[in-house]
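Numbering of ligands and ligand atoms starts at 1, following listing order. No hydrogens, no waters, no symmetry mates; every other heavy atom, side chains included, goes into these values.
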Amino acid sequence: MPKIVLYRNRCIGCSICYEQQPELWRLSKKDGKATLLKSTQKKNVFILSVPENIIEQTRIIAEACPVKIIKIYE
Ligand code: SF4
């Protein structure tokens, strides 16, 4: 399964990810940054494996993210 990797430190809280794919993303009430739901955390990097049918939408979001901190690894 492909993996979504979020390098959260540089998130500017623009909310594109949440608006486009609310089943995977939230904006934290605490610091306003994106949260990748059900992901595992290594320091400030968040990782989540998702099925192919979900990753297509995430690819669009990764392109749209203004600070390019969403990466997809096959
Ligand atoms: S699209 Fe990028 S900058 Fe915007 S909230 Fe999501 S992760 Fe943060």
Side-chain angles (χ1 to χ4, degrees):
M1 277 200 291
K3 282 190 176 71
I4 302 170
V5 179
L6 170 67
Y7 297 89
R8 191 174 188 274
N9 265 357
R10 293 194 300 119
C11 175
I12 57 170
C14 75
S15 89
I16 287 173
C17 52
Y18 168 59
E19 285 168 15
Q20 300 283 318
Q21 201 172 37
E23 67 273 28
L24 286 191
W25 305 89
R26 290 288 182 276
L27 285 188
S28 165
K29 287 196 174 79
K30 220 163 141 188
D31 62 9
K33 294 185 181 203
T35 300
L36 181 56
L37 300 177
K38 297 180 185 167
S39 60
T40 55
Q41 180 179 6
K42 285 182 186 166
K43 295 188 179 169
N44 262 302
V45 180
F46 292 76
I47 304 165
L48 179 69
S49 294
V50 294
E52 289 288 345
N53 62 329
I54 287 179
I55 205 76
E56 283 311 314
Q57 180 65 25
T58 314
R59 275 187 228 284
I60 295 166
I61 293 165
E63 277 295 310
C65 172
V67 285
K68 303 284 186 238
I69 54 171
I70 302 169
K71 305 290 181 194
I72 294 162
Y73 297 101
E74 303 296 337

Inset, instruction - Using modelled atom types only, decide if a donor and an acceptor are shared between the side chain of Q21 and the backbone of E23 within a distance under 3.5 Å. - result: no
Legend entry - Under 3.5 Å donor-acceptor, S28 side chain and D31 backbone: yes
Inset, instruction - Indicate if V45 and I12 have the same hydrophobic cluster label, given that clusters are the connected sets of ILVMFWY residues with side-chain heavy-atom separations under 4.5 angstrom. - result: yes
Inset, instruction - Establish whether Y73 and I54 are linked, either directly or via other cluster members, by ILVMFWY side-chain heavy-atom contacts under 4.5 Å. - result: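 In one cluster: yes.
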Under 4.0 Å, heavy-atom basis, I'd like to know which part of [X] is in contact with ligand 1: side chain, backbone, both or neither.
| X | result |
| --- | --- |
| I61 | neither |
| V67 | side chain |
| A64 | neither |

Nearest to [atom], what protein heavy atom do you find, and at what distance?
| atom | value |
| --- | --- |
| atom 8 (Fe) of ligand 1 | C11 SG, 2.4 Å |
| atom 4 (Fe) of ligand 1 | C14 SG, 2.3 Å |
| atom 2 (Fe) of ligand 1 | C65 SG, 2.4 Å |

Inset, instruction - List the steps, then state whether side chain to side chain contact (heavy atoms under 4.5 Å, CB included) holds for W25 with T35. - result: CA-CA 6 Å; W25 305 89; T35 300; over 6 Å; no
Legend entry - Backbone or side-chain N/O/S of C17 under 2.8 Å of atom 4 (Fe) of ligand 1: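 Coordinating: no.
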Legend entry - L6, V5, I16 screened by side chain to side chain contact (heavy atoms under 4.5 Å, CB included) with I70, the one that passes: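 Among L6, V5, I16, the one meeting side chain to side chain contact (heavy atoms under 4.5 Å, CB included) with I70 is L6.
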